[in-house]
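To start, the structure under review is shown below, and the notes come after it.
Treat the numbers as computed from the prediction; the structure is a model and nothing was measured.
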Amino acid sequence: MSDFYQNVYAVVRLIPSGRVTSYGAIARYLGSSGSSRMVGWAMNLSHNQPIYVPAHRVVNRNGLLTGKIHFGTPDQMEELLENEGVHVEDDKVLGFDTLLWDPIIELR
DNA sequence: ACGTTGACCTATA
DNA sequence: GTATAGGCCAACG
């Protein structure tokens with residue numbers, strides 16, 4: 001595994017319950033600004049990862065659950081988020097601005 | 001080996 | 001405010 005993925009997983013694992021972050025934020029935090037797609041790829045591989053990665057806490061910049069289809073069932077992501085107190089409606093996170101957990105700001 | 005695709009983002013129009 | 005374009009780089013066929 002390259003360090004990039006390890007870093008991504010590490011950051012994602014640090015996201016507190018009930019909070020969310022965005023792919024771009026992680027990419028920027030890792031210094032790979034502009035390569036936010038790689039973060040998504042990393043999430044895709046997180047399935048095979050031995051450790052559990054709360055990928056449901058990572059959404060796009062608009063707060064939209066674009067990756068929900070990559071879970072077992074499309075509703076799994078919403079369920080997990082709702083289970084943690086994050087309300088989801090029409091595939092988007094409610095109050096995304098306040099729930100956003102930016103590693104650049106939080107881990108600074 | 002090459003072209004296409006994609007859990008994205010930013011910038012123009 | 002939506003729409004389209006370009007960039008990014010790893011995996012897949």
Interatomic distance, F4(A) atom CZ to I26(A) atom CD1 [nearest 0.5 angstrom]: 9.0 Å
Heavy-atom pair with the smallest gap, counting every atom of F96(A) and R61(A): CE2-O, 3.5 Å
With H56(A), the side chain to side chain donor-acceptor pair (under 3.5 Å) member among E78(A), E84(A), Q76(A): E84(A)
H56(A) NE2 - dA7(B) C1' separation (whole Å): 14 Å
Spacing of Q76(A) atom CD relative to dA7(B) atom C1', expressed in whole Å: 15 Å
Whole-Å distance separating the NZ atom of K68(A) from the C1' atom of dC8(B): 18 Å
Touch class at under 4.0 angstrom, heavy-atom based, for S46(A) against every strand present: base
Atom C1', compared across dA7(B) and dA3(C): separation rounded to whole Å: 23 Å
Gap between atoms CG and P, on L45(A) and dA11(C) respectively (whole Å): 7 Å
L45(A) with Y23(A), same ILVMFWY side-chain cluster at under 4.5 Å: yes
Sugar-phosphate only, base, or nothing, as touched by F4(A) at under 4.0 Å among non-hydrogen atoms: nothing
Nucleic acid contacts - residues 20-39 of chain A versus DNA chain C, non-hydrogen atoms under 4.0 Å: G34(A), S35(A), R37(A), M38(A)
Touch class at under 4.0 angstrom, heavy-atom based, for A42(A) against every strand present: nothing
Touch class at under 4.0 angstrom, heavy-atom based, for N60(A) against every strand present: sugar-phosphate
Value in whole Å for how far the P atom of dC8(B) lies from CG of L64(A): 9 Å
